[in-house]
Amino acid sequence: MRIIVAGGDGFCGWPTALYLSKQGHDVTIVDNLVRRKYDEELRSNSVTPIASLEERVAKWKEVSGKEIKTFIGDLNHYDFLSEVFRQTEPEAFVHFAEQRSAPYSMIDREHAVYTQTNNVMGNLNVLYAIKEYAPECHLIKLGTMGEYGTPNIDIEEGYIEIEHKGRKDTLPYPKQPGSFYHLSKVHDSHNIMFACKIWGIRATDLNQGIVYGLHTAETKLDPMLVNRVDYDGVFGTALNRFINQAAIGHDITVYGSGGQTRAFLNIEDTVRCVEIAAENPADKGEFRVFNQFTEWFSVQDLAERVQKIAKEEGFDTEVKKIENPRIENENHYYNAVNTKLRDLGLEPHLLTDDVIRDILRTAVEHKDRIIQENVLPSITWK
Ligand code: NAD
């Protein structure tokens with residue numbers, strides 16, 4: 001299958017591009033490399049030293065014999081995007097290429113406007129490009145479980161049956177996102193659903209949980225193929241961030257009470273979920289939603305698990321509660337459905353102690369790269 005992986009230089013996109021290429025697909029990466037620029041802006045870095053995209057794909061060709069084509073450019077430049085579609089004639093478009101940090105979107109007005117412009121307009125351009133150049137192309141769009149927020153009822157997969165005043169309908173599940181970033185994903189979902197309805201586009205919205213880990217079988221093949229790992233207070237996500245804090249002997253910092261419960265998955269499952277979606281495309285005009293996660297945990301539980309493994313590995317670290325920089329429920333109900341990907345064959349890689357240990361050892365290996373002053377939150381929602 002001819003597959004475009006937009007955002008293929010990023011944390012989820014790079015291992016996905018390699019995995020799909022290994023499976024025999026004809027993969028093209030589109031990326032404007034802006035994630036590397038956010039690092040410069042924030043004076044931060046990936047814990048692992050990452051090669052340039054050019055070096056990465058050259059190394060991949062050397063070790064696998066397979067070519068990944070690259071286009072460096074912005075989804076918001078429609079002429080560029082049109083040319084990419086004309087040249088590649090994609091059958092699937094995997095869309096990772098968005099600004100994905102909630103704290104980054106909450107820095108100030110400029111960053112909120114940038115996030116929503118980059119994400120919502122970029123996605124709208126992709127929808128138009130599919131309509132204009134590749135109407136059969138399946139859009140596989142990365143959304144987030146954060147679109148749903150934390151309602152006091154079970155979270156369904158995209159839709160909920162409602163009975164109101166004696167009548168019934170199946171409607172999009174209500175969205176209560178918690179940042180301008182998460183709102184951009186909700187706006188994307190609405191635009192995609194509408195485009196499916198009016199133009200007959202086929203789309204799958206993957207409402208992904210928080211991704212942890214870094215290695216996949218492919219990224220392990222050579223140091224130049226290593227994935228990026230974010231640990232700072234802006235781009236570092238829970239679990240990966242906790243593990244990196246432990247690696248430098250820092251306290252593991254939990255925001256507020258730590259009762260916040262979130263859905264998680266291993267990066268090895270991210271790549272497989274995308275493959276499953278690609279192999280089982282949505283019907284024409286269908287807006288399909290999958291909840292892409294395997295387990296859920298409270299952040300306090302995760303912090304304690306990291307602390308336990310860190311102790312076993314000889315790192316004495318404390319779990320410390322700090323003032324929550326976000327505005328969010330700290331104690332709430334959480335029960336989310338995730339059966340659709342399982343029904344299509346996903347075999348989850350669950351969070352075992354060995355998985356935590358493996359990420360910790362990688363963080364320890366590169367701990368000299370961790371910039372200590374970046375590990376605490378610097379952005380508040382207020
Ligand atoms: P990332 O920032 O590491 O990667 C995103 C990539 O997209 C970067 O390489 C960036 O340069 C590129 N990009 C951004 N805007 C672009 C544009 N306008 N044009 C071209 N390229 C652009 O992020 P990630 O962690 O790999 O996340 C990928 C996707 O998955 C995002 O959409 C994110 O919202 C979603 N997601 C991620 C997580 C997670 O835990 N990492 C969880 C849920 C959902």
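One-based numbering, in listed order, for ligands and for the atoms of each. Note that the structure is predicted; figures quoted are calculated from it, not measured. All residue numbers refer to positions in the sequence shown, counting from 1.
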Nearest-contact summary for atom 10 (C) of ligand 1 - protein heavy atom, Å: Asp31 OD1, 3.4 Å
Closest approach of any protein heavy atom to atom 18 (N) of ligand 1, naming residue and atom: Asn118 OD1, 2.7 Å
Atom 26 (O) of ligand 1 - nearest protein heavy atom and its distance: Cys12 N, 2.7 Å
Contact summary for Glu347 and Asp269, nearest pair of heavy atoms: O-OD1, 3.7 Å
Mode of Tyr38 contact toward ligand 1 - side chain, backbone, both, neither (heavy atoms, under 4.0 Å): neither
Where ligand 1 meets Gly73 - atom numbers and elements under 4.0 angstrom, heavy-atom basis: 19 (N), 20 (C)
Qualifying salt bridge (Lys or Arg N to Asp or Glu O under 4.0 Å) pairs with a residue from residues 333-342, counting only residues at least two apart or across chains: none
Apart from Met224 itself, residues in the same hydrophobic cluster as defined by side-chain heavy atoms under 4.5 Å: none
Residues Thr253 and Gln245: side-chain donor-acceptor under 3.5 angstrom: yes
Per-atom contacts, ligand 1 versus Gly143 - under 4.0 Å to a heavy atom: 44 (C)
Heavy-atom nearest option to atom 1 (P) of ligand 1, drawn from Phe264, Phe96, Phe11: Phe11
Ligand 1 atoms in contact with Asp74 (distance to a heavy atom under 4.0 Å): 17 (C), 18 (N), 19 (N)
Distance-only side-chain donor-acceptor flag, Gln99 / Tyr114, under 3.5 Å: no
Minimum-distance protein heavy atom relative to atom 4 (O) of ligand 1: Gly10 CA, 3.4 Å
Closest non-hydrogen atom pair, Pro172 against Ile160: O-CG2, 4.4 Å
contact_flag Gly146 ligand 1 heavy-atom lt 4.0 Å: no
Numbered atoms of ligand 1 (with element) below 4.0 Å of Asp9, judged on heavy atoms: 9 (O)
Nearest neighbour of atom 23 (O) of ligand 1 from the list Gln99, Arg100, Glu98, on a heavy-atom basis: Arg100
Nearest neighbour in protein (non-hydrogen) for atom 13 (N) of ligand 1: Asn32 OD1, 3.5 Å
For Arg35, atoms of ligand 1 separated by under 4.0 Å from a heavy atom: 2 (O), 8 (C), 9 (O), 10 (C), 11 (O)
Side chains of Thr237 and Tyr212, donor plus acceptor under 3.5 Å: no
Under-4.0 Å heavy-atom contact with ligand 1, by part of Arg36 that carries it: neither
Closest non-hydrogen atom pair, Lys311 against Thr317: NZ-O, 4.1 Å
Numbering as shown, the atoms of ligand 1 that approach Ile210 to under 4.0 Å (heavy-atom distance): 40 (O)
Heavy atom of Trp14, distance to ligand 1 below 4.0 Å: no
Nearest neighbour in protein (non-hydrogen) for atom 39 (C) of ligand 1: Val211 CG2, 3.7 Å
Per-residue contact class, Asp230 against ligand 1 - non-hydrogen pairs under 4.0 Å: neither
Numbered atoms of ligand 1 (with element) below 4.0 Å of Tyr181, judged on heavy atoms: 33 (C), 34 (O)
Heavy-atom closest contact (Tyr231 atom, Ile371 atom, distance): OH-N, 2.9 Å
For Lys141, the option from Asn207, Asp188, Asp205 that meets side-chain hydrogen bond (donor to acceptor under 3.5 Å, both in side chains): Asp188
Cationic tip of Arg228 above Phe235 ring, under 6.0 Å, 45° of axis: no
Check: Val254 main-chain N/O paired with Gln300 side-chain donor or acceptor under 3.5 Å: no
Ring centres under 6.0 angstrom apart (Tyr148, Tyr173): yes
Nearest non-hydrogen protein atom, atom 38 (C) of ligand 1: Gln208 NE2, 3.6 Å
Subset of ligand 1 atoms that lie under 4.0 Å from at least one heavy atom of Val34: 10 (C), 11 (O), 13 (N), 14 (C), 15 (N)
N or O contact, Lys185 vs ligand 1, cut-off under 3.5 Å: yes
Enclosure of Phe315 CZ (heavy-atom neighbours >12, cutoff 6.0 Å): yes
Short side-chain donor-acceptor distance under 3.5 Å, Glu147 and Ser189: yes
Any Gly209 heavy atom less than 4.0 Å to ligand 1: yes
Atom 19 (N) of ligand 1 - nearest protein heavy atom and its distance: Leu75 N, 3.1 Å
